[in-house]
> 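The structure is given below, and queries will be raised subsequently.
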Amino acid sequence: MARLLAILLIAAFAWYLYRRLQATHPASRPGRHTEDTVKCAHCGVYLPARDALHEGSRAWCCEAHHRLDQSRHE
Ligand SMILES: [Zn+2]
């Protein structure tokens, strides 16, 4: 009887280790989301590319900086 109990304990422990290894496996973790950032051509602040105003290869953080930067170069 004690042998059966020991086998059950070992099986339970093995199952526990198996589940733990699966939970910590790098492939099962959600990948760190990296987002493209751009630098505002006027103030130099970094912001997500999807929130920026783009014109060619330049980007701005807001409409005001876009206009200010354009008037500066005219
Ligand atoms: Zn800016």
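Both ligands and their constituent atoms are indexed starting at 1 by order of listing. Residues: numbered from 1 along the sequence shown.
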> Roughly how far apart are R3 CZ and L8 CG, rounded to 0.5 Å?
13.0 Å
> Write down the atom of W60, the atom of C40, and the distance for their closest heavy-atom approach.
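Shortest heavy-atom contact: CA-SG, 3.8 Å.
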> Are R58 and D69 side-chain neighbours, meaning at least one heavy-atom pair lies under 4.5 Å?
yes
> Go around the Zn ion (ligand 1) and count every protein N, O or S atom nearer than 2.8 Å.
4
> Which donor-acceptor pairs under 3.5 Å do side chains of residues 46-56 form with protein atoms, sequence neighbours excluded?
unit_1, atom_1, unit_2, atom_2, d
R50, NE, E35, OE2, 2.6
R50, NH2, E35, OE2, 3.0
H54, NE2, A49, O, 2.8
E55, OE1, H66, NE2, 2.9
E55, OE1, Q70, NE2, 3.3
E55, OE2, Q70, NE2, 3.3

